[in-house]
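Because the structure is predicted, anything quoted here is derived from the model rather than measured.
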Amino acid sequence: MKKIGVFVCWCGTNIAATVDVKAVVDAIKREPNVVFCEDYQYMCSEIGQNKIINAIKDCKLDGVVMCTCSPRMHEATFRKAAEKAGLNPYLVEVANIREQCSWIHKDIKEATEKAIVLARTAIAKVLLNAPLYAGETPVIKRALVIGGGIAGIQSALDIADAGFEVDIVEKKPSIGGKMSQLDKTFPTLDCSACILTPKMVDVSASDKINIFAYSEVEEVKGFVGNFHAKIRKKARYVDTTKCTGCKACMEKCPSRKTPNEFNQGLNNRTAIYIPFAQAVPNVATIDPEACLKLKTDKCGLCSKICSAGAIDYEQKDEIVEREYGAIVVATGYNVINLDHFNELGYSDCKDVITSLEFERLTNAAGPTAGHLVCPSDGREPKTIVFVQCVGSRGLRPCDKPYCSKICCMYTAKHAMLLREKHPETDVYVFYIDVRTPGKNYDEFYRRAVEQYGVHYIKGQVGKVVEKDGHLEVQASDLLTNEQLHINADLVVLAAAIQPDDTARKIGTMLTASMDTNDFFTEAHAKLRPVESPTAGIFLSGVCQGPKDIPETVAQAGAAAVKVIGLLSKDKLKGNPCVAIPNENMCNGCSLCATVCPYGAITYVDKEFRVMGKTVVRRVSQVNEAICQGCGACTVACMSGAMDLKGFDNKSIMAEVEAICK
């Protein structure tokens, strides 16, 4: 007869306030096979774990049931305690009497009865559990960072500093991301390029970091410690080993009508270009959509001008295949499309711009060499209106339901810099409420109001129309209950930010969880904020949610630490709760392989002896190193041949029968 021990946790008052813990213990003591049952206030504490260890040793327990909170919280803790006592950790079952019982009931009697039922189901299952043993797989000592913004750069530098190789894959011709487009950074107002460029140079100089710029990740297969990735290096039509970045080709290029993406389309660039002066790698790229030579086979002037012989019109995309032990996602963000906000005039009026466009207009390396002018006619604006929360925290289909977090602070920065350079300019900021969650942030905002005289108006802008050579801003002041009409020269919209367009594709490729807004979901919001639920995938920067530069850098460093911890191991223990096929029942239909998100299932032809004859049948095989135990195949299998270790059909049915008693 198997000996089972049951431990009921109070969880302070989280469980004990709604569940009669003593009544649960009294009821479970009478269950068959239960030889030990005890309650304690905090089973996850050191004292609680010692109680488990001592009971296993003293009573020679064959299985343990923990009536506690969700197994997601402390199952690993209780398994480690069992393992210390010499019991196989997979002979521990958790009955969730907190999230599934005490937290959703108000009646003590009802909650107590349900807790007893949940405990009985766990006992029924643990009686059928068999010891499981985790296999080991080697770890490839290289990391992949997807995205070359400040998040990806910081993660790569930290991983490389620990001695591991890192590959950065950036879809644009240069690393740097959105931070390279900024002028100043809050709350210190230091030059963005001045603090970013040294890091970009460090990445370029590191012998541990390989930069795949103008490239995209095409495919990722495998599992934690052993990922296999295909990277598409897009054709630049320039030999990066020969190009010196002299820009002679750019000066002579006759094709000059392509909107400059780096300057937010505020000016044009040539068909062959280097995005910005501090670009890394500092090599030219030919835009095939704009190049006369590639489109019409005419021109070819850049090839004649290039003294290094770097131009190669025959260059093709190249697929590079690499192995990685861990992957960091740092795909960044984009500003939302404002075409749906017609009332604010963005699509109709050239002098209605986004905050990122404003950054380029005030940047010394921007299209106007740092001179703020109205895009429509080049005049200096005398009255500027900033509109907050455009597309953020809204209820319309075109709105984002979340706060973009950075807008309040960068608008205060813009207003202060404006008043400092042009004290005669009138600056108005329309806001819903001002959010300043950061060190020295509130003081920074108050400086804008008190020291620089920026007019902050609590209200919303209803309409912006072009009239008589200026912009008429119709708005409401909620504090004075007045309707305002302001004649502005320039209107700046603090547009919401959203995950990069590639986020969903990459998330699907990595089988990583994402929320409804396409932000990557962390494994646990508080305890595992930089880890994806998919093992070996780590999150860095705005891909996980809106955040500013300091928070992004902090998260990037945290993700790097997790990667370093993983890569420092020679072997990883796998998940023993994997799928296992019954070859005698398998009919070779391939449904399980079709639904498997990890590609862990393959098929082979195998010989069977049937009634004295040899028969060849197609049957499934599971690669236990790749399988993550999700159970999708067991549901899809029509013949019932696929089972899951630790969750086989017999134990699940035993739980159902225990509930129905």
Rounded distance [0.5 Å steps], CZ in Phe186 versus OG in Ser192: 11.0 Å

Note, Gln474 side chain near Val464 side chain (heavy atom, < 4.5 Å): no

Steps toward side-chain contact (heavy atoms from CB on, under 4.5 Å) verdict (Ile311, Val238): CA-CA 5 Å; Ile311 308 299; Val238 173; 4.0 Å; yes

Exam field: side chain His340 to backbone Asn337, donor-acceptor pair closer than 3.5 Å: no

Step-by-step side-chain hydrogen bond (donor to acceptor under 3.5 Å, both in side chains) determination, Asn268 to Thr258: CA-CA 5 Å; Asn268 294 331; Thr258 303; over 6 Å; no

Side-chain donor/acceptor of Gln264 to backbone N/O of Glu357, under 3.5 Å: no

Backbone of Ala277 reached by a side-chain donor or acceptor of Asn282 within 3.5 Å: yes

Donor-acceptor pair, side chain of Arg504 and main chain of Asp501, under 3.5 angstrom: no

Glu218 with Lys230: basic N within carboxylate O range, under 4.0 Å: no

Worked check of side-chain contact (heavy atoms from CB on, under 4.5 Å) between Leu344 and Leu338: CA-CA 9 Å; Leu344 298 178; Leu338 293 176; over 6 Å; no

Mutual orientation of the aromatic rings belonging to Phe519 and Tyr402 [parallel < 30°, tilted 30-60°, perpendicular > 60°]: perpendicular

Donor-acceptor contact below 3.5 Å, side chain Thr197 vs main chain Cys194: no

Near-ring test Phe262/Tyr273, centroid separation under 6.0 angstrom: no

Taking every non-hydrogen atom, the tightest pair across Asp202 and Leu157: CB-CD2, 3.8 Å

side-chain hydrogen bond (donor to acceptor under 3.5 Å, both in side chains) between Arg360 and Asn263, worked out: CA-CA 6 Å; Arg360 296 313 301 157; Asn263 283 332; 2.9 Å; yes

Pair Lys171 + Glu216: basic N to acidic O under 4.0 Å: no

Salt-bridge present (Glu219, Arg322; N to O < 4.0 Å): no

Any donor-acceptor pair under 3.5 Å from Ser355 side chain to Leu493 backbone: yes

Aromatic ring proximity Tyr456/Tyr445, centre distance under 6.0 Å: yes

Salt-bridge present (Asp489, Arg379; N to O < 4.0 Å): yes

Electrostatic pair Lys208-Asp161, nearest N-O below 4.0 angstrom: no

Validation row: Ser540, Ser155 side chains within 4.5 angstrom (heavy atoms): yes

Check: Gln555 side chain, Gly541 main-chain N or O, donor-acceptor pair, under 3.5 Å: yes

Within 6.0 angstrom of Glu289 CD, more than 12 heavy atoms from elsewhere: no

Distance-only donor-acceptor check, side chains Glu522 and Ser532, under 3.5 Å: no

Ionic contact status for Asp399 with Arg396, cut-off 4.0 Å: yes

Non-hydrogen side-chain atoms of Gln315 and Tyr313 separated by less than 4.5 Å: no

Non-hydrogen side-chain atoms of Ile146 and Phe212 separated by less than 4.5 Å: no

Over all atoms of both residues, closest heavy-atom pair of Asn440 and Pro187: O-CB, 4.0 Å

Side chain to side chain, Lys316 and Tyr237, heavy atoms closer than 4.5 Å: no

Side-chain donor or acceptor of Asp287 paired with backbone N/O of Ala271 under 3.5 Å: no

Inter-residue atom distance Ile486.CD1 - His455.NE2, 0.5 Å rounding: 9.0 Å

Taking every non-hydrogen atom, the tightest pair across Ser404 and Pro546: O-CB, 3.5 Å

Working for side-chain hydrogen bond (donor to acceptor under 3.5 Å, both in side chains), residues Thr285 and Arg236: CA-CA 5 Å; Thr285 302; Arg236 286 179 182 260; 2.6 Å; yes

Side-chain atoms of residues 324-332: list all donor-acceptor pairs with protein atoms under 3.5 Å, sequence neighbours left out, distances to 0.1 Å.
from	atom 1	to	atom 2	distance (Å)
Tyr324	OH	Asp167	OD2	2.6

Over all atoms of both residues, closest heavy-atom pair of Ile336 and Ala495: CG1-CB, 4.3 Å

Pairwise side-chain contact, Thr383 with Thr425, heavy-atom cut-off 4.5 Å (strictly under): no

Expected output: side-chain Glu251 to main-chain Ala248 donor-acceptor under 3.5 Å: no

Nearest-0.5 Å distance, CE of residue Met409 to OG1 of residue Thr185: 10.5 Å

Intermediate values then yes/no, side-chain contact (heavy atoms from CB on, under 4.5 Å), Ile537 and Phe520: CA-CA 11 Å; Ile537 309 296; Phe520 284 82; 5.8 Å; no

Gap separating the CZ atom of Phe358 from the NZ atom of Lys413, nearest 0.5 angstrom: 9.0 Å

Residues His228 and Glu321: side-chain donor-acceptor under 3.5 angstrom: yes

Heavy-atom closest pair, residues Lys547 and Val542: O-CG2, 3.8 Å

CA sep, side-chain torsions, deciding dist, call: Gln388, Thr411, side-chain hydrogen bond (donor to acceptor under 3.5 Å, both in side chains): CA-CA 8 Å; Gln388 295 293 88; Thr411 296; 2.6 Å; yes

Residues Tyr441 and Asp548: side-chain donor-acceptor under 3.5 angstrom: yes

Residues Lys405, Glu551: salt bridge by 4.0 Å N-O rule: yes

Basic-acidic side-chain contact under 4.0 Å: Glu261, Arg269: yes

Value rounded to 0.5 Å, distance of CD1 in Ile506 from CE in Met514: 8.5 Å

Nearest heavy atoms of Ile549 and Leu182, plus distance in Å: CD1-CD1, 4.1 Å

Pair Lys562 + Glu531: basic N to acidic O under 4.0 Å: yes

Heavy-atom side-chain proximity of Met179 to Ile195 below 4.5 angstrom: yes

Side chain to side chain, Ile175 and Val203, heavy atoms closer than 4.5 Å: yes

Side chain Ser255, main chain Thr270, donor-acceptor under 3.5 Å: no

Exercise: do Gln154 and Asp158 side chains pair donor with acceptor under 3.5 Å: yes

Salt bridge Lys234-Asp317, side-chain N to carboxylate O under 4.0 Å: no

All pairs passing side-chain hydrogen bond (donor to acceptor under 3.5 Å, both in side chains) where residues 172-184 contributes a residue, at least two apart: Lys178-Asn334

